[in-house]
Amino acid sequence: MTNGRRDADDYDAIAIENRWQTRWDDEGTNRFTESALRTAKRPFYNLMMFPYPSAEGLHVGNMYAFTGADIYGRWKRLLGEDVFEPIGFDAFGIHSENFAMKVGVHPMELIPRNIANFTRQLKRIGAMYDWDHTVDTTAPEYYKWTQWIFLQLYKAGLAEKKEAAVNWCPSCMTVLSNEQVISGECERCGSKVEQRLLSQWFFRITKYAQRLLDNLEWIDWSDSTIKAQENWIGRSEGAELRFPVVGHEPLLVPVFTTRPDTVFGATFLVLAPEHVAVASIASDAQRAEVEAYRERAASLDLVTRKKADKEKTGVFTGAYACNPATGENIPVWIADYVLMEYGTGAIMAVPGHDERDFEFAKQYDLEIRRVVAGDADVDVSPLEEAYTGPGRLVNSQKFDGMNTVDGIRSVTALLAQQGFADARVNYRLHDWCISRQRYWGPPIPILYCDRCGTVPVPETDLPVELPFVESYKPDESGVSPLARVESWYRTTCPQCGGEAKRETDVSDTFLDSAWYFLRYPSANNGDMAFDPELTKKWLPVNMYIGGEEHAVLHLLYSRFITMVLKDLGHIEFEEPYTTFRKHGLLIKEGAKMSKSRGNVVIPDAYLEKWGADTFRMYLMFLGPYQEGGDFRDQGLIGPYGFLNRLWETVLPVEELGGGAPDAGVERKLHQTIRKVTEDIAALRYNTAVAAMMEYLNTVRAGNRSVVRSEIEPLVVLVAPFAPHIAEELWERLGYTKSIFAPAEDGSDAGNWPAFDDEKARVNTIEFVISVNGKPRARMNVAPGITETHAKDVGLEDVNVQRALEGKTIRKMIFIADKLLNIVVS
RNA sequence: GCCGAGGUGGCGGAAUGGUAGACGCAGGGGACUUAAAAUCCCUCGAUCGCAAGGUCAUGCGGGUUCGAAUCCCGCCCUCGGCACCA
């Protein structure tokens with residue numbers, strides 16, 4: 001745009017992008033045929049987290065994630081690999097359902113509309129998705145297999161139904177997740193949330209806890225994601241100790257502790273209010289109080305109950321237990337700070353050495369006994385606060401003087417001998433509750449028959465289709481709206497032919513997404529969930545890029561399902577993603593993007609103003625991809641100017657010179673190819689873009705005339721970031737095939753340029769002479785300057801001499817091709 | 001409280017033991033233009049100096065080292081995750 005009007009040959013991003021997107025679509029450039037999927041020579045499965053198709057449309061956060069992943073895939077394709085890059089829609093779930101209720105449109109109507117809008121937007125960003133292999137988790141052809149997976153777990157004994165406490169909003173009449181409870185109130189209506197006991201389906205993920213933990217050692221994932229999973233699984237080593245209840249022999253109350261060495265300081269026992277032993281051991285005198293407390297605890301919502309800073313409460317049961325180490329009788333209490341779902345639901349309280357027990361003992365005036373002294377001061381004075389560190393045992397009979405590590409082992413061994421203890425490992429991880437008392441999900445494929453009991457739906461009867469239900473709002477009954485559709489849930493038992501009733505709960509959305517990557521290559525297969533041959537060829541996923549918000553849920557559940565499917569003989573690998581990289585978080589002008597702040601970036605307007613190429617490039621340039629960055633409208637002009645200058649430099653092609661590149665430019669070119677290649681491989685996209693900009697500046701410096709061999713490789717380097725302009729320039733450079741197609745020399749290679757270390761080698765370096773670490777002179781020399789030579793030249797420099805005046809040289813440090821540091825005093 | 005990441009010009013960010021501030025934005029000056037936009041060229045951490053050059057500077061305080069944004073110790077702050085897990 002040099003003359004205020006647009007010449008035919010000006011860079012018109014929108015027109016170019018429309019043209020190439022249409023062409024990719026028409027020619028199926030990025031789509032595998034079924035046979036091509038089977039014959040691919042160098043398969044590379046490039047996966048990104050499929051979006052939930054909200055009504056708002058594609059968010060800039062989605063686009064940031066997808067662009068970074070697409071650049072990786074396009075780069076792999078330019079290297080000549082057969083890259084499979086699918087996308088789909090995670091469209092079931094509470095989010096969609098709540099939104100549908102809000103706008104008063106049935107989800108069965110709303111979701112297809114949203115998917116159509118998302119598809120349009122996803123095509124607009126120029127990612128190389130295979131639109132012939134997409135999934136929609138709400139399609140019966142998909143959730144048929146989600147139900148099939150449920151049945152495989154059921155048959156393997158990994159799915160079981162049991163009672164569990166859930167959050168219940170009495171006004172919305174629905175179960176809430178913990179995330180939807182804000183300080184005891186419903187996030188949507190503000191009502192006080194209650195606790196309800198419901199019978200629900202669980203997957204026994206805890207059975208896989210150790211394996212899920214062990215494999216973290218060898219899978220190639222972002223460190224922070226691995227750490228998050230480790231913490232979530234939460235392995236702790238310790239012991240189970242058993243305390244006989246006085247007068248109720250042979251009843252033993254088991255407790256889990258990581259500090260069996262402190263058992264001599266266990267001055268009372270605390271059970272969770274729900275603990276089964278409570279009813280039988282409570283004394284008559286205390287029974288009324290105990291019952292009242294249990295009722296109060298049961299009515300409290302789960303989030304408030306688990307708040308650590310809540311004041312501790314509890315009641316004495318009237319019973320005593322025998323401390324097997326000391327032989328003393330200690331009181332048994334119940335308190336809601338002890339959680340039924342962790343360990344055994346009971347603890348031995350050691351107030352001297354546990355902060356919570358200390359607080360509780362203070363509250364109810366229970367004995368606090370020191371049994372550990374800090375190493376430095378073998379101190380037996382009373383405790384002002386709980387001492388939780390290591391040290392030496394005191395007041396512990398024959399174990400006195402022993403350190404914490406030996407104490408844990410020795411005390412456990414002694415009590416084990418007497419039958420009161422076993423070494424034990426505990427995990428924080430809970431079984432995965434997959435029941436949802438909602439409408440918008442795949443029905444759980446189970447039937448209940450009066451005669452046969454719980455009966456799985458035969459695989460041949462799948463899918464159990466979700467019926468269209470006009471009024472799908474949840475109600476206060478605590479069961480799914482499907483329980484109101486008698487015509488649907490009444491059925492016959494496949495075993496006895498008698499009357500049966502369907503399970504009316506649907507499954508968790510996370511089950512839909514726990515296996516979607518297995519479905520993509522087989523997306524069009526109606527006969528099985530995943531074709532064995534295709535699965536073997538393409539899986540596990542080679543590269544998975546996504547946000548860290550899924551570090552523990554989706555990424556853990558999909559690992560679990562993969563392990564189960566392997567154990568059941570359906571697949572041959574147990575980790576779904578060979579490499580996982582998290583991307584960072586985008587913020588807007590220093591602040592987190594949120595609807596309430598009104599600073600959410602909607603990509604559409606930017607795409608229309610600047611084009612997808614500029615937008616993609618800017619997103620990758622604004623900060624390190626794996627750490628995130630700050631989106632500023634002002635910043636887009638940078639990459640836009642770069643693409644404009646690239647356009648002007650290549651065109652018109654007839655004016656490009658032929659022949660050999662300038663020596664200096666060629667050196668910079670090979671350095672740039674090397675840097676961009678290494679940076680993309682490591683997802684350092686921001687510095688890759690900077691290197692390309694630097695190279696273009698070098699090529700254009702001083703308005704010199706450019707030869708084709710200098711600029712053509714840059715078009716390829718830019719292609720993963722700005723695929724449309726790259727295709728256009730490539731075509732204008734005279735190539736007939738797509739820049740992403742295999743190179744025209746017939747080899748397996750793609751068009752990505754190779755770098756030559758020889759050609760990248762510098763012929764002059766700037767050598768620094770410093771005095772006491774401060775640079776005093778710089779000189780341009782040929783690499784390989786000797787120490788002697790450097791000293792000769794360096795000491796002659798006037799500036800250096802000035803710095804040396806009146807000082808004595810103590811020594812000189814020579815670092816080859818970098819610097820000479822003269823140390824003086 | 002615990003785990004993880006981070007704190008560098010006016011701004012986004014480079015540099016992970018060896019020239020601090022690559023690349024880009026914004027700002028300043030200039031060319032072209034009737035003018036504006038666009039484009040191009042120069043300049044651009046602070047401070048002292050006519051200049052050569054000096055001094056200061058990577059959250060704060062110490063340390064290691066010939067040399068520290070980078071490594072170690074102790075603090076402060078920001079962001080993300082987990083949180084009564086025994």
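Here is how names work: the chains are called A, B, and so on, in the same order as the sequence lines, proteins then strands, and each is numbered from 1.
Between B:G24 and A:Asn697, a contact under 4.0 Å exists linking OP1 or OP2 to a side-chain N or O. Taking only side-chain nitrogens and oxygens, A:Arg700 comes nearer than 4.0 Å to OP1 or OP2 of B:C40. A:Lys592 has a side-chain polar atom (N or O) that falls below the 4.0 Å cut-off from OP1 or OP2 of B:G80. Dashed line: the shortest gap from a side-chain N or O of A:Asn686 to OP1 or OP2 of B:C23 is not under 4.0 Å. Considering only side-chain N and O atoms, A:Lys811 lies under 4.0 angstrom from the phosphate OP1 or OP2 of B:C66. Contact annotation: A:Lys774 side-chain N/O to B:C56 OP1/OP2 distance is under 4.0 Å. OP1 or OP2 of B:G54 lies within a sub-4.0 Å distance of a side-chain N or O belonging to A:Arg776.
If you check B:G4, B:A86, B:C23 against the side chain of A:Tyr342, the one that comes closest is B:A86. Nearest nucleotide to the side chain of A:Arg632, out of B:G24, B:A86, B:C11: B:C11.
Here B:C66 presents its P atom at 15 Å from CG of A:Leu820, a figure rounded to the nearest Å.
Within 4.0 Å of A:Arg778, counting heavy atoms only, lies at least one base atom of the nucleic acid. Using a 4.0 Å heavy-atom distance criterion, A:Arg810 is classed as making no nucleic acid contact. A:Asn821 comes within 4.0 angstrom of a base, heavy atoms only. Nucleic acid contact class of A:Ile813 (heavy atoms, under 4.0 Å, all strands): base. Contact annotation for A:Ile637: backbone-only contact, meaning every heavy-atom pair under 4.0 Å involves sugar-phosphate atoms and none involves a base. Within the nucleic acid shown, A:Asn799 comes within 4.0 Å of sugar-phosphate atoms alone, with no base atom in reach, counting heavy atoms only. Among the heavy atoms of the strands, none lies under 4.0 Å from A:Arg235. If you check every strand for non-hydrogen atoms under 4.0 Å, A:Val338 touches a base. Among the protein residues, A:Ser236 comes within range of the sugar-phosphate backbone only, with heavy atoms under 4.0 Å from sugar or phosphate atoms but none that close to a base. Heavy atoms of A:Gln634 sit under 4.0 angstrom from primed sugar atoms or phosphate atoms, though from no base atom. Residue A:Pro639 is classed as having no contact, given no heavy-atom separation below 4.0 Å to the nucleic acid.
Rounded to whole Å, the P atom of B:G62 lies 14 Å from the corresponding atom of B:A68. Look at the P atom in both B:A51 and B:C44: the space between them is 13 Å, to the nearest Å. Going from the P atom of B:C84 to that of B:C2 covers 15 Å, rounded to whole Å. Look at the P atom in both B:A57 and B:G63: the space between them is 15 Å, to the nearest Å. Comparing B:G9 with B:G21, their P atoms are spaced 14 Å from each other, to the whole Å.
Nucleotide B:C25 forms a Watson-Crick or G-U wobble pair with B:G10, both donor-acceptor distances falling under 3.5 Å. With a cut-off of 3.5 Å on both Watson-Crick or G-U wobble distances, the partner of B:G67 is given as none. Remark: B:A5 base-pairs with B:U78. Criterion, Watson-Crick or G-U wobble with two distances under 3.5 Å. Figure legend. B:C32 is base-paired to no nucleotide; pairs are counted as Watson-Crick or G-U wobble with both atom distances under 3.5 Å. Pairing for B:A37 is absent, judged as Watson-Crick or G-U wobble with the two contacts each under 3.5 Å. Here B:C56 sits opposite B:G45 as a Watson-Crick or G-U wobble pair (both hydrogen-bonding atom distances under 3.5 Å).
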Ignoring hydrogens and angles, write down the donor-acceptor pairs under 3.5 Å from the side chains of residues 764-773 of chain A, residues two or more places apart or on other chains.
unit_1, atom_1, unit_2, atom_2, d
A:Ser770, OG, A:Asn821, OD1, 3.0
A:Asn772, OD1, A:Val824, N, 2.9
A:Asn772, ND2, A:Val824, O, 3.3

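Under the 4.0 Å criterion applied to side-chain N and carboxylate O atoms, A:Asp431 and A:Lys207 are not assigned as salt-bridge partners. Between A:Lys588 and A:Asp633 there is a salt bridge, with a side-chain nitrogen of the basic residue lying less than 4.0 Å from a carboxylate oxygen of the acidic one. A:Glu230 and A:Lys227 are joined by a salt bridge, as a carboxylate oxygen and a charged side-chain nitrogen come within less than 4.0 angstrom of each other.
At least one donor-acceptor pair under 3.5 Å links the side chain of A:Tyr293 to the backbone N or O of A:Asp336. A:Thr344 places a side-chain N or O within donor-acceptor distance of the main-chain N or O of A:Ala346, the cut-off being under 3.5 Å.
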Does the ring-ring contact (aromatic ring centres under 6.0 Å, His included) test come out yes or no for A:Tyr618 and A:Tyr640, once each step is laid out? CA-CA 8 Å; A:Tyr618 174 60; A:Tyr640 182 74; over 10 Å; no

